[in-house]
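Presented below is the structure to which this report refers.
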Amino acid sequence: LRQLRYWAPSAARLVVVDGSDLPLPCRVREAIDGMERITYRHERRPFHERLVTAGSLVSTKYAVMLGDDEFHFPSGLRTVIHELEEESGLVGCMGQVLSFSPLDAYRRCLFSRVYRTLYEFDVCQTEPVDRLVAAMDPYTMATPYAVLRTAVWCRSWGSVGSYSSGVAAEMQQAMSVHLLGAFRTVATVQWLRSIENEISAISDLEVEQNRMIWFPEWWTKSCFSTERESFVAGISEVVAEEIGMTAKECSRGIVLGAEAFLEGSSEEWEHLDSSVGSARTGSLSVERGVSAVGRRLPDPLGLALRRFRAVVLARMGSQGGDYYGTSKDLPAQLRRDGVKLGPEFIDEVTAVEKLVSEFHELRRQEQAGA
């Protein structure tokens, strides 16, 4: 609903393939039916199958994935599309990313810088396997929420399989994109990533074990060998001919890419939780403890405590040190880090804060009425 409300006034074409237990209410669907630029389908099917449906419904030159609780800035998307228009050799482009979490009963948001490795990320090697290896060592989460040429979006997101590791689907999409062509980022904020909710397990096995199965584990354990074969074959099937390689050559390149990922990223992935939602150690315990206290304090004290936490975590080398504060703090913080801000930026941030607040109030009223 938030995404529909956010994009309804714009010229963007929105495709929603909803896998929820129940479809949106009739009154909402009736309103959507009158909007030519919005397509809504309710399909109780697995995620990867719904992606195929979504791809079949895209009719625009470019496509980008939307999370249901997250936002793309129109100004950031325009900058990215301009880059793709200027550079015909690029298959995709991505802007910078901020995370947001609501504060003060959802009346405003707190922001942090995330995915700093996206800054000046450029993978434009001539040879497909060279690009893949460069992109995987170390891996930067750039392609899943990037603006892609529609054919590339359909070949990548539209061909992912169903695996015991939910992360494997992301890796399949990323590898497909990097094999298909050059990719780079721009220094403009494109994506607001929500951290309102805990990260949830995705696959049936992850739900059963109550933990994420990260790519290094999935790639190396013998129990997932059949899935890995399907993973490699799936990528080869959609990209090999397109990039002028045989299926065998492409498969060897994919294995090299996976090995490069393990070489460059294993330490980072190994420290992640073995169970979803449980506390890790050190910096994360500090971060969560301060957040819990901060939510119970008056705003000025809570903000001061969060700023103190950011300084502590920065000295510890934790990502939590990327705390940027409220929307008033954003421009100075972003310019300090070399991020470009257009004239629409603050208005776009304000619009998101207002929308998040309005939806929270509607939920609160609904719960009170119940």
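When a residue number appears, it is its place in the shown sequence, counting from 1.
- Shown here for L179 and C250, the closest heavy-atom pair between the two residues is CD1-SG, 4.3 Å.
- The salt bridge (Lys or Arg N to Asp or Glu O under 4.0 Å) contacts involving residues 23-38 comprise nothing, where partners must be two or more places apart or lie in separate chains.
- A side-chain donor-acceptor contact under 3.5 Å links Y119 to the backbone of G338.
- Contact annotation: the side chain of M65 never approaches that of W191 to less than 4.5 Å [non-hydrogen atoms, C-beta and beyond].
- Formation of a donor-acceptor pair under 3.5 Å by the S20 side chain with backbone atoms of P23 is not found in this model.
- Y163 is linked by a ring-ring contact (aromatic ring centres under 6.0 Å, His included) to W218, F231, counting only residues two or more places apart in sequence or in another chain.
- Using a cut-off of 4.0 Å between Lys/Arg side-chain N and Asp/Glu carboxylate O, K354 and E358 are scored as salt-bridged.
- If you check the side chains of S156 and S176, you find no donor sitting under 3.5 Å from an acceptor.
- Between Q3 and L14, the shortest heavy-atom distance links the atoms O-CD2, 4.1 Å.
- With sequence neighbours excluded, no residue satisfies side chain to side chain donor-acceptor pair (under 3.5 Å) with W157.
- S165 and E217 are not linked by any side-chain donor-acceptor pair at a separation below 3.5 angstrom, with hydrogens and angles left out of the test.
- Sorted by first then second residue, the salt bridge (Lys or Arg N to Asp or Glu O under 4.0 Å) pairs that include residues 73-97, not counting sequence neighbours, are K61-E85, R78-E344, E83-R184.
- Applying the side chain to side chain donor-acceptor pair (under 3.5 Å) rule to Y40 yields the partners D18; only residues at least two apart in sequence or on another chain are considered.
- Within the structure, the salt bridge (Lys or Arg N to Asp or Glu O under 4.0 Å) test picks out the following pairs touching residues 144-156 (sequence neighbours left out): R155-E242.
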Side-chain donor-acceptor contacts of residues 232-241 below 3.5 Å, not counting sequence neighbours, with atom names and distances?
residue	atom	partner	partner atom	Å
S236	OG	V232	O	3.1
S236	OG	S251	OG	3.1

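- Looking at E196, its side chain never comes within 3.5 Å of a backbone N or O of P102 through a donor-acceptor pair.
- Side-chain atoms of T117 and P138, non-hydrogen and from C-beta on, never get closer than 4.5 Å to each other.
- Residues V16 and T39 are not in side-chain contact: their nearest non-hydrogen atoms beyond the backbone lie 4.5 Å or more apart.
- In the displayed structure, H82 atom NE2 is contacted under 6.0 Å by at most 12 heavy atoms of other residues, nucleotides or ligands.
- By the neighbour-count criterion of 12 heavy atoms within 6.0 Å, atom CG of D337 is densely surrounded, having more than that number from other residues, nucleotides or ligands.
- Residue pairs meeting the ring-ring contact (aromatic ring centres under 6.0 Å, His included) criterion with at least one partner in residues 329-367, sequence neighbours excluded, are F73-F345, Y106-H360.
- Closest heavy-atom contact between E348 and S75: OE1-OG, 2.6 Å.
- Aromatic ring orientation, F100 versus F111: tilted (interplanar angle from 30° to 60°).
- Between Q333 and R113, the side chains place no donor N or O within less than 3.5 Å of an acceptor N or O (distance only, hydrogens not considered).
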Audit row: V147, C93, side chain to side chain contact (heavy atoms under 4.5 Å, CB included) steps and yes/no: CA-CA 6 Å; V147 177; C93 186; 5.6 Å; no

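- Residue F215 comes nearest to A168 through the heavy atom pair CD1-CA, 4.2 Å, listed as atom of the first residue, atom of the second, then distance.
- Taking hydrophobic clusters as Ile, Leu, Val, Met, Phe, Trp and Tyr residues chained together by side-chain heavy-atom distances below 4.5 Å, V58 does not share a cluster with V80.
- A 4.5 Å side-chain heavy-atom check between V64 and L148 finds every atom pair outside the cut-off.
- Among residues two or more places apart in sequence or in another chain, the side chain to side chain donor-acceptor pair (under 3.5 Å) test is passed with T188 by none.
- Listed by first and then second residue, the ring-ring contact (aromatic ring centres under 6.0 Å, His included) pairs that reach into residues 2-31 are Y6-F71, sequence neighbours excluded.
- Judged by distance alone, the side chain of R50 and the main-chain N or O of R45 form a donor-acceptor pair under 3.5 Å.
- The shortest side-chain heavy-atom distance between E208 and D204 does not fall under the 4.5 Å cut-off.
- Side-chain atoms of Y139 and E170, non-hydrogen and from C-beta on, do get closer than 4.5 Å to each other.
- Looking at D21 and R44, their side chains come closer than 4.5 Å, going by heavy atoms from C-beta outward.
- Between the side chains of E120 and T185, not a single donor N or O lies within less than 3.5 Å of an accepting N or O.
- Residues passing the side chain to side chain donor-acceptor pair (under 3.5 Å) test with T79: none are found, sequence neighbours excluded.
- Shortest non-hydrogen contact noted between Q96 and L118 is NE2-O, 3.4 Å.
- Between H178 and F183, the ring planes are perpendicular. Angles over 60° get that label, and only those under 30° would be called parallel.
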Given the rule in the side chain to side chain contact (heavy atoms under 4.5 Å, CB included) test, do L57 and R41 qualify, once you have shown the distances and angles that lead to the verdict? CA-CA 10 Å; L57 296 170; R41 296 276 187 88; 3.5 Å; yes

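- I195 belongs to no hydrophobic cluster with other residues, because no ILVMFWY side-chain heavy atom falls under 4.5 Å from its own, directly or through intermediates.
- Using a 4.5 Å heavy-atom cutoff, the side chains of Q190 and V97 are not in contact.
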Determine whether V352 and C109 satisfy the following criterion, side chain to side chain contact (heavy atoms under 4.5 Å, CB included), listing intermediate values before the conclusion. CA-CA 9 Å; V352 168; C109 294; 5.6 Å; no

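- Checking side-chain atoms of T150 against main-chain N and O of T60 turns up a donor-acceptor pair under 3.5 Å.
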